[in-house]
Every structure is written in C-alpha cells, then in structure tokens.
**Student:** 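This is the structure I have questions about; it appears just below.
Residue numbers start at 1 and run along the sequence shown.
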Amino acid sequence: MGKLGLSYGGSLDFVFGLVFSILVISIRCEDVEVMNILKKTINAPVTFQWTDPDVCKWKHVNCDSRKHVIAIQIGNQNLQGFLPKELVMLTTLQKFECQRNGLTGPFPYLSKSLQRLLIHDNKFSSLPNNFFTGMSNLQEVEIDNNPLPPWQISNSLKDCVALQTFSAESVSIVGTIPDFFGRDGPFPGLVFLALSGNSLEGVLPASLSGSSIENLLVNGQNSNNKLNGTLIVLQNMTSLKQIWVNDNSFTGPIPDLSQLNQLSDVNLRDNQLTGVVPPSLMNLPSLQVVNLTNNRLQGPPPKFRDGVGVDNIIGGGRNEFCTNVPGQPCSPLVNILLSVVEPLGYPLKFAESWQGNDPCANKWIGIVCSGGNISIINFQNMGLSGTISPNFASLSSLTKLLIANNDITGAIPNQLTSMPLLQELDVSNNNLYGRVPSFPKGVVLKIGGNPDIGKDKPITPSASSHGFGKDNDKDEDKNKNSVDGVNVGIVLGVVFVLGIGVIILFMFWKRSRNHTKKGKKPDAITIHSSYKGGENVVKASVVVSGGGNDALSPTCNAYEVSNMVISIQVLRQVTNNFSEEKIVGKGGFGIVYKGELHDGTQIAVKRMQLGMMGEGSNEFTSEIEVLTKVRHKHLVSLLGYCLDENEKLLVYEYMTRGALSKHLFDWKEEGIKPLEWKTRLSIALDVARGIEYLHGLTQQIFIHRDIKPSNILLGEDMRAKVSDFGLVRLAPEGKASFQTRLAGTFGYMAPEYASTGRLTTKADVYSFGVVLMEIITGRKALDGSQPEENIHLVTWFCRMLLNKDSFQSMIDRTIEVDEETYASINTVAELAGHCSAREPYQRPDMSHVVNVLSSLVEVWKPTKQDVDDIYGINFDMTLPEALKRWQAFEGSSTLDLTLSPSTMNTSGGSTQTYQSSNASSHAQM
C-alpha cells in the first residue's frame with residue numbers, strides 16, 4: 001500500500017506538471033502565432049531579423065522569464081501596414097510603442113496589463129470606445145497626431161488609476177474637458193495633460209484646482225467657440241511648470257500666479273485676455289518664457305527680468321497698453337478707470353476702445369470729458385456684470401454716473417457719497433441689494449428695477465437651479481451617499497477610539513487614586529493619540545511627582561485630556577513665585593510673567609486674576625480650546641496650562657521682541673529703532689497668513705475678533721505671530737454669519753459687528769485693514785490727541801487715500817520712502833482701504849490679502865531652523881502638501897498627535913470686553 005500511495009501521489013504531480021507545461025507551451029505558442037501575424041501585417045523589414053523561431057530573440061521585442069512577450073517597441077522604423085486584432089491575445093503585454101510610422105486602419109484592443117502606450121504620429125483611423133476599460137496599470141498614453149474621427153474622451157479612462165501622462169493632441173476630440181482630470185479625480189499621479197489641436201469647447205474645469213498637473217497644454221482648439229471663459233482656475237494649480245492655453249477664446253484678466261513657484265513656460269497669446277498684467281506673473285522666480293501677444297491687455301506694458309524670453313508684446317499684437325515703454329506707469333486717470341472696471345471683469349468692449357494714456361483725448365467708450373476732466377461716465381446697456389467699484393469716488397470731477405440696465409450685483413459703495421460734484425447716480429435695472437447710502441441733497445438717485453435693493457444679500461441658488469443636467473444630479477447623489485458613508489465611518493472610528501481612551505483613562509484614574517491613597521498625587525493625566533499602521537493608537541499615562549505630599553497637583557477636570565498640563569510648582573519656581581521683576585505685561589484678564597525652564601526654554605506665563613470667573617474663565621477656556629486645535633507658524637504656540645484651585649495659568653512660547661504696538665507707537669520710549677518698510681511688510685504678511693489659516697485652512701473656521709498690534713508678537717528675527725485667542729469664536733458649521741455678544745477693541749471692530757452683533761470672517765479682515773493703516777501711518781486706531789474729525793484712523797485714512805496730493809503726507813515719517821517703497825506703500829494702502837470697507841461683502845478674503853502682500857515681500861528665511869523645518873513641515877504649504885510631507889516621515893517621527901478637548905464651550909459664553917489697545921508685550925496673549 002505504501003508503494004501504491006507513493007506511486008499515486010507521484011502520478012498526480014506528473015499530471016499537474018504536464019497540464020501546467022501544456023498551458024505554458026500553449027501561451028507561448030499563442031504569443032509566437034500573434035507575433036508572426038504582426039510580422040506580416042506591418043511588413044517587418046529584414047533589418048528586424050524576425051526569423052528566429054524564438055520570438056523572444058527578435059529585435060524590439062522583450063519577454064519575461066517565462067518567455068511571454070511583455071514589450072513591443074517598434075517606433076520610428078518607417079513601417080507601413082496595419083496592426084492585427086490578435087494583439088489582444090498577448091495577455092502579458094506591458095509596453096506597446098509604434099510611434100512615428102505610417103501605420104493605418106483601426107487600432108486594436110490590447111491587454112489589460114498594459115503600462116505604456118505610444119502610438120502617436122501614425123495614420124490610425126479609429127480607437128475602440130471602451131479601449132481603456134480595466135487598464136488599471138496604464139501609466140503613459142501618447143496617441144497624438146492620428147486622423148481619428150470626432151470622439152469624446154470616454155469615462156472608461158477613469159479606470160486608468162495609475163495614469164501619469166495623457167497626451168492626445170490633434171486626434172479630433174470634441175466636447176468639453178472632463179472634470180475627472182482634477183484633484184478629486186481618479187488620477188492622483190497625473191502630471192502631464194496635453195489636449196492641444198482638437199475641437200474642444202467650454203471652460204477649464206474648476207476641478208483642476210489643486211491638481212498635481214505640471215504640464216497643461218490645451219492650445220490651438222479648432223472648434224468655432226474654442227475653449228473660453230476665464231483662467232482663474234490656474235491660480236490654484238500650484239504644481240504647474242508649463243501652461244499653454246494660446247490660440248483660444250479665453251477672456252478676463254490674467255489671474256494671480258504668485259503661488260506657482262515652479263512655473264517656467266507661459267503661453268497665453270492669441271486670446272481675448274484683458275486687464276493689467278499682474279506683478280505676480282512678472283515676479284515668478286522660475287519664469288523663462290512668456291508669450292502674451294494678440295490679447296487685449298491694458299495698463300502699463302509689463303517689464304520682465306533679464307533672461308526671460310518675451311514675445312513682441314507691445315508692437316506685435318492687439319494689446320492696448322497705455323504706453324510703449326515696458327514698466328512705464330500709466331497716467332493717474334487711466335489707473336483709476338482701470339481700477340473701476342476691475343470688479344466688472346475688465347470687459348472686452350472697454351479694452352477694444354480704451355487706447356492711449358489720455359481718456360479725454362482718445363474718446364474712450366463710456367467716457368465724457370469736459371475741460372480735460374471726466375465729467376460723465378455712461379456704462380448703460382452694456383451687458384456688464386460684477387460689482388460697483390468704490391474707486392469711482394476718486395473721479396472728483398464726475399457729475400453723472402450712469403450704470404443702468406446691466407446685470408450688476410452687490411451694494412452701492414458708501415464712498416460714492418463723498419463725490420463733491422456728483423449730480424446724478426443711475427443704477428436702475430440691475431441686481432443690486434443692501435442698504436442705500438445717504439447722498440447729499442441735490443443728487444438725483446435712480447435705483448428702481450433692483451428687486452433686492454435695501455435687503456440683505458440674497459441666498460445663492462443651489463446648483464440644480466442653474467440648469468445642471470440630470471446626470472450631474474445623479475452624480476451628486478452618488479457622491480453625497482459616498483461622503484455620508486465616509487462620515488459615518490469616521491464618526492464610528494472616533495467613537496471607538498474615544499471609547500478605548502475613556503476605558504484606559506478610567507483604569508489609570510483608579511491607579512492614580514491608589515497612588516493618592518499612598519500619599520502621592522498625580523501631576524497630570526495625559527492621553528496621547530497617534531496614527532500608525534492604519535490604526536489609531538491611544539496611550540494614557542499618569543505623571544506622578546517624586547515629592548510625595550509636597551507635590552501640588554492641578555484639579556482634574558474636562559480640560560485635562562491633553563499632555564499640556566504643567567504643575568503650578570514648576571511655574572512658581574520659574575517665575576520666582578510670580579515676582580514683580582518677572583512681569584513683562586498686564587492685560588484685561590491678568591498679568592504676564594517671563595520664565596525659563598530647566599532646559600533653557602523661555603516661556604511667557606499668563607496668570608489670570610485670582611478668583612476671576614465669568615469672562616476671564618471663558619477666555620481661559622477658549623484659549624486652550626483653540627490652541628490645542630490649531631497650530632501654525634504664525635500663531636503663538638500654547639505650551640501648557642495649569643489649574644490649581646483658583647489659579648488659572650496659560651504658558652506660551654516667549655516672543656523676545658514683544659508686541660508690534662511697541663515698535664509702531666512706543667519705539668522712542670522703549671529706546672528701539674523704528675521699523676523699516678520691508679520689515680513692516682513682512683510682519684503684515686505673517687499676520688495675514690496666520691489669520692488666513694484660522695479662516696479657511698483648518699478643518700473649522702475660527703474668527704479671532706481682536707486683531708490689533710498689541711496682539712501681534714515678534715520673535716528675535718522679527719517674524720510675527722498672532723496671539724490672544726481668548727475671544728476667538730468657532731463659526732457654526734454651514735453658517736456664513738451668526739449672532740454673538742460683542743467683544744473686542746473699539747477702533748478695530750467692524751461696523752456691522754459693532755452695530756448688530758453679527759459676526760463673519762470679514763470682521764477680522766476689517767481689523768487687519770486697520771492694522772495695515774497703523775503700519776503705514778504709525779498712528780493708533782483711536783488717537784485722542786488728534787482733532788475731532790481725525791480721531792478715528794479709518795475715516796481719516798480713507799479720506800486721505802482719495803486725495804492723491806495728500807497721500808504721501810500720511811506715511812509714517814520714520815519710513816525712508818524711495819520710488820520703489822512708495823509704489824509698495826501705495827499698493828498696501830489700497831489693500832487696507834478695501835479690507836476696511838464699510839460693507840463686509842466689499843472686503844476681500846484673507847487669501848486675497850496674502851496673495852497681494854506676498855507679491856511685495858522678498859523671501860525672508862528665519863535666522864535659525866525651527867522644529868517645523870526639522871520634520872519637513874512648512875506651514876505656508878497647502879494642507880494636501882503638508883499631509884504628504886507628514887506621511888513621508890511616518891515611522892521615523894516620534895511626534896504624537898494630542899487629542900484636543902472635546903467638552904469645552906467654544907462660544908466663550910458672555911465675553912463682552914473692551915481691552916486697551918496699547919497693552920505692551922505679552923499682556924494681550
């Protein structure tokens with residue numbers, strides 16, 4: 001029986017081996033047959049030496065270890081003929097290259113294992129509609145210059161999740177550019193997208209914003225309408241190195257490209273672009289080539305740095321620059337008119353008519369002059385959309401402003417009431433809303449035909465009301481379901497992790513009670529949460545001092561769910577028991593002390609007033625809540641806190657240069673030098689980036705409510721950080737504005753917030769605008785030493801800004817003003833005016849503020865590397881970029897993410913406070 005068993009087993013092995021061998025031989029024979037068919041259909045030349053029975057020895061053919069064909073590379077061989085349909089039987093084929101030949105006929109299906117497809121510059125007559133279905137390994141596609149019949153890019157391409165290059169130039173593609181090439185599409189690694197020379201129409205999809213695409217080539221569409229719309233999406237395609245959108249029908253201005261630091265090749269020529277060439281394009285650090293000819297660009301001719309290849313912008317096309325000298329500014333009147341039409345999108349009809357540098361001498365459309373000054377602006381019945389610019393008020397000689405019968409939205413700017421000679425304002429038959437300003441007697445005001453005039457901003461209609469098709473509705477439902485599923489998963493995961501954390505915390509609490517019974521008290525209970533290997537890891541620990549009963553422990557409460565609790569004993573020691581010589585500032589809720597830990601780290605300890613409840617307690621809670629949720633290079637870091645009976649203490653990083661207010665207003669008393677303009681600019685940009693992060697770059701929206709110089713702290717290298725988060729409010733999810741109790745500082749509070757209590761992020765924008773005014777003028781927001789009409793900085797500043805003759809007189813006399821500095825100050829002054837506009841909708845978002853300031857500030861690196869740089873983290877990155885960087889350090893970093901408190905009230909409760917605007921140093925943290 002034993003022999004029989006061995007014989008039987010051996011027979012099975014033999015049978016299986018025989019079957020496997022037959023299958024392998026069958027596949028190899030199949031490959032051989034297919035290759036011999038290919039040899040005939042392409043008329044393989046003798047030089048190929050395709051004569052050996054073993055096709056794996058043929059030139060231009062590669063096989064794997066099992067003798068299966070994996071690559072056919074027959075490009076650039078002057079081949080004639082066609083490709084056989086049997087190629088699909090090469091089931092292991094990974095690379096197929098036949099570019100630059102004369103092959104004809106339909107292109108056949110290929111194996112789903114394909115990784116590289118190069119068939120460009122042939123004469124193929126068709127490509128299967130579902131060719132790309134199931135090709136999940138395909139990385140590179142180049143099918144350019146084949147006489148295919150008109151076709152649309154199929155949804156089957158979405159199966160190619162590994163796609164990095166898709167080049168389909170001059171292959172008769174029609175329709176619109178699919179939105180699945182963008183950031184949220186199936187191609188996370190797509191870097192090269194070329195669709196030039198087709199018949200595409202429509203706009204650049206908004207989904208391209210934030211994508212990984214480095215080369216975008218969509219130039220030279222042959223359709224009647226070509227690609228059109230604006231280029232606004234380009235400003236958020238931060239990975240771009242090459243942009244070719246030339247020879248299309250794009251309109252509107254060139255967008256802000258300041259975030260595209262790698263951009264080197266820009267071709268925008270032969271479109272209908274209007275407006276001023278932005279400084280962000282001229283200042284691109286990597287720019288090598290730029291083409292702008294044959295547009296309708298306006299303003300001063302751009303001047304690019306030496307070494308940048310520029311086409312004949314001025315003399316070779318339809319651009320309407322005001323002069324013929326690159327870099328030479330336009331006349332003040334031209335600048336005003338261009339700023340007036342900027343909110344209208346720089347309409348093409350104006351660009352076609354407005355020629356030269358004198359609106360009155362050249363009879364510009366819509367402009368009527370008298371005595372060399374503009375007396376009437378008539379923009380009626382021009383199909384305009386956008387908003388009314390407050391810069392109309394700069395035209396002091398204007399008697400009539402006629403903008404009736406258009407599609408203009410927004411509110412009537414309050415600045416128009418200051419126009420000294422205005423006799424008639426006709427804005428009838430538009431879509432204006434909001435409060436109507438009070439004009440002087442004698443001004444004829446026509447506002448009829450605006451259904452929402454006098455009302456709040458109307459609610460934006462949903463996508464379905466804009467005529468989106470049913471298919472889109474289905475996609476939205478599908479996306480909604482998938483998002484809901486993900487949200488449910490996240491919630492369940494968080495609940496699970498918190499559940500484990502609670503159990504562990506309970507166990508350690510019992511353990512800490514045992515220690516207490518033995519005469520020891522815990523200094524802190526901490527929970528650490530980290531993400532490793534696809535799992536949330538929760539660790540809890542009890543820190544027990546070695547001092548027995550002498551150790552002082554904070555009161556355990558809801559706050560103590562992070563690793564930031566510091567013993568009061570330590571804080572008493574480093575502040576010399578809160579002695580007077582350690583005081584560095586006093587604020588509305590307490591005193592700030594300087595201290596130094598045993599490792600040399602300098603800290604600022606904010607001690608709330610003893611026994612303070614209510615407002616002070618709410619501020620204490622809010623600061624912990626906010627600063628354990630947000631972390632940014634330009635926000636002061638909370639290092640820890642302590643609760644001990646009535647003691648409430650917050651511990652921050654120490655900012656050696658103190659508050660900005662000291663450097664702007666008290667520099668003489670402090671014995672320090674006044675700030676140079678470039679330093680002021682850099683500080684402004686740092687603050688703007690910190691606020692931008694609070695408003696839109698975190699998972700939630702935080703509104704600071706108390707932006708002012710005393711809450712802006714400076715480090716040793718004069719880099720700025722925003723501090724004092726006691727009044728911060730968390731915006732309710734899904735709400736653009738909400739009602740809250742007043743809190744903040746007079747002079748910096750936005751008018752709508754001070755009068756109604758309705759709060760939006762634009763309240764912080766207003767405060768930041770006031771800070772910009774203080775940076776420019778060296779004057780405080782409220783200055784009682786000034787005449788009554790000049791006490792309020794914003795009112796005085798805006799009045800001076802309108803009068804160009806007196807503008808220079810309001811600049812801080814300590815600033816050395818040359819031509820370059822004056823231009824920079826002028827730009828920041830205009831930005832300050834926009835930020836502090838009376839109506840919140842007239843103010844820009846902080847992202848726009850950052851873009852404007854960043855184009856003016858030179859690159860300035862800190863004097864020493866900080867921990868953020870050690871771990872490769874740059875808080876000026878976008879969140880997706882930062883996430884990739886963090887993931888790159890996973891496994892090598894010992895950093896743990898700390899669970900932030902979830903039980904605290906972020907509303908701050910009743911926080912109606914009015915704090916002094918000139919508190920020094922860290923007092924307002």
**Student:** For a quick check under 3.5 Å, do Tyr753 and Arg705 share a side-chain donor-acceptor pair by atom type?
**Tutor:**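 Yes.
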**Student:** Identify, with sequence neighbours excluded, every residue that meets salt bridge (charged side-chain N to carboxylate O under 4.0 Å, His left out) alongside Arg657.
**Tutor:**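 Salt bridge (charged side-chain N to carboxylate O under 4.0 Å, His left out) check on Arg657 returns Glu716.
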**Student:** Can you confirm whether the side chains of Asn851 and Asp256 place a donor and an acceptor under 3.5 Å from each other?
**Tutor:**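 Asp256 and Asn851 do have a side-chain donor-acceptor pair below 3.5 Å.
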**Student:** Using a 3.5 Å distance criterion without hydrogens, assess whether the side chain of Ser375 forms a donor-acceptor pair with backbone atoms of Val368.
**Tutor:**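 Pair found, side chain donor or acceptor close to backbone of Val368.
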**Student:** Considering all heavy atoms of both residues, which atom of Ile707 and which atom of Tyr748 are nearest to each other, and what is their separation?
**Tutor:**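 Shortest heavy-atom contact: O-CD2, 3.6 Å.
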**Student:** With a sphere of 6.0 Å drawn around CD of Glu819, does it hold more than 12 non-hydrogen atoms of other residues, nucleotides or ligands?
**Tutor:**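 Open.
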**Student:** Is it true that atom CZ of Arg813 has more than 12 heavy atoms of other residues, nucleotides or ligands lying nearer than 6.0 Å?
**Tutor:**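 For Arg813, atom CZ is not crowded (no more than 12 foreign heavy atoms under 6.0 Å).
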**Student:** Compute the centroid of each ring, for Phe350 and then for Phe379, and state whether the two points are separated by less than 6.0 Å.
**Tutor:**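 Judged by ring-centre distance (under 6.0 Å), Phe350 and Phe379 do meet the cut-off.
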**Student:** Sequence neighbours excluded, which residues qualify as ring pair (Phe, Tyr, Trp, His ring centres under 6.0 Å) partners of Trp677?
**Tutor:**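 For Trp677 there are no ring pair (Phe, Tyr, Trp, His ring centres under 6.0 Å) partners, ignoring immediate neighbours.
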**Student:** For Asp358, which residues count as a salt bridge (charged side-chain N to carboxylate O under 4.0 Å, His left out) partner, sequence neighbours excluded?
**Tutor:**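 Applying salt bridge (charged side-chain N to carboxylate O under 4.0 Å, His left out) to Asp358 gives none.
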**Student:** Check the side chains of Lys241 and Ser264 for a donor-acceptor pair under 3.5 angstrom, ignoring hydrogens and angles.
**Tutor:**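 Lys241 and Ser264 do not have a side-chain donor-acceptor pair below 3.5 Å.
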**Student:** Would you please say whether a donor-acceptor pair under 3.5 Å links the side chains of Thr293 and Asp311?
**Tutor:**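 Yes, a side-chain donor-acceptor pair sits under 3.5 Å.
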**Student:** I want to check a possible cation-pi pair here: Arg779 against Trp796, using under 6.0 Å from ring centre and within 45° of the ring axis as the test.
**Tutor:**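 Positive - Arg779 is close enough to the ring of Trp796 and near enough to its axis.
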